[in-house]
Amino acid sequence: MLTGEPMHTLLMRSRLVPSAALLAPVLAATLLLGGCSGGDASSSQDASAADSSGSASGSSSGSSAATQKPYLPVPDGVDLTAQGSKLEVGQHAVVAYEPRQDSVGVLDIKVTALEKTTFAKSFQGWQLDKDTLKTNPYFVHASVKNVGRTDLGGRPVPLYIVDGRNTLIEASSFASTFKPCPSQPLPDKFGHGDRVKTCLVYLSPKHGDLTAVSFRPTQDFNPITWTGDLTRVGAEPAKKGGKGSKDKKNKQG
């Protein structure tokens, strides 16, 4: 730890949704950062979902199928992006989910960038335990707008990453300020028309990959995913006509 730096703790929410083919118990692995007593649970949820022939899994845009009934009740004039849509970074999706019983949230989400970093580069001044060091850290940038009637203030942004093992990884949250990528929930007040730009931190276990960003609020939801170029934090911008600073394009597989 750097001299004079306060103790830092990274908090990771834990949730597991098993696949339809196999019911698995909830898995939780404690990850401690900063030497604090508050433990953090890291878990993943199975990201596999069969692409039905009626889905928009082959779609490359965020437009919804106007002839289909919305999977949740949404305000008039809101067109939901079809389940199974496969989008590119820079495209947006309009999604609905139930953050609590008898409440429907509707968000317009655009994933704007995917970044790979290292603990040495982005977590200077943090004390990391051995389990945390077995993960790969990633940053996901997104723009989120509330286009529904429900105030979603304080709720987590409902996005996951998909690793190379086809599991969903929840975003991490911080007990103190993390300047490189705050990874905070939505603002305390986040009503209709409110918009925020956010950066979310994900720790992929077992040095895992980031192959896609996924919106999958329930097990039986055919996920909406974003894929695109994975850039390195701190890398110089690619020069026109020269070699880029990007990793190979990662796709959900």
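Bear in mind the structure is a predicted one, so any value in this text is a computation, not a measurement.
Contact annotation: the side chain of V157 approaches that of L186 to within less than 4.5 Å [non-hydrogen atoms, C-beta and beyond]. Here the side chains of V162 and T167 are not in contact, with every heavy-atom distance at 4.5 Å or above. Between I224 and L87, some side-chain heavy-atom pair lies under the 4.5 Å cut-off. Side-chain contact between P223 and S214 is present, with heavy atoms from C-beta onward closer than 4.5 Å. Residues V78 and V94 have side chains in contact (heavy-atom distance under 4.5 Å, counting atoms from C-beta outward). The shortest side-chain heavy-atom distance between L200 and F139 does not fall under the 4.5 Å cut-off.
Scored by the ring pair (Phe, Tyr, Trp, His ring centres under 6.0 Å) test, F178 finds F123, W126, F174 as partners (sequence neighbours excluded). Residues passing the ring pair (Phe, Tyr, Trp, His ring centres under 6.0 Å) test with F215 are F221, sequence neighbours excluded.
Put simply, CD1 on I161 and CH2 on W226 are 14.0 Å apart, with the number rounded to the nearest 0.5 Å.
T218 and D220 are linked by a side-chain donor-acceptor pair at a separation below 3.5 angstrom, with hydrogens and angles left out of the test.
A donor-acceptor contact shorter than 3.5 Å is absent between the side chain of D194 and the backbone of N146. Of the possible polar contacts, none joining the D129 side chain to the L133 backbone as a donor-acceptor pair under 3.5 Å is found. Counting only distance, with no hydrogens or angles, the side chain of S204 and the backbone of H207 share no donor-acceptor pair below 3.5 Å.
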Distance-only criterion, 3.5 Å: show the donor-acceptor pairs between side-chain atoms of residues 95-113 and protein atoms not counting sequence neighbours.
{"from": "D108", "atom 1": "OD1", "to": "H92", "atom 2": "ND1", "distance (Å)": "3.1"}
{"from": "D108", "atom 1": "OD2", "to": "H92", "atom 2": "ND1", "distance (Å)": "3.3"}
{"from": "T112", "atom 1": "OG1", "to": "H141", "atom 2": "O", "distance (Å)": "3.2"}

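A side chain to side chain contact (heavy atoms under 4.5 Å, CB included) with Y138 is found for exactly one of L230, L114, V233, V201, namely L230.
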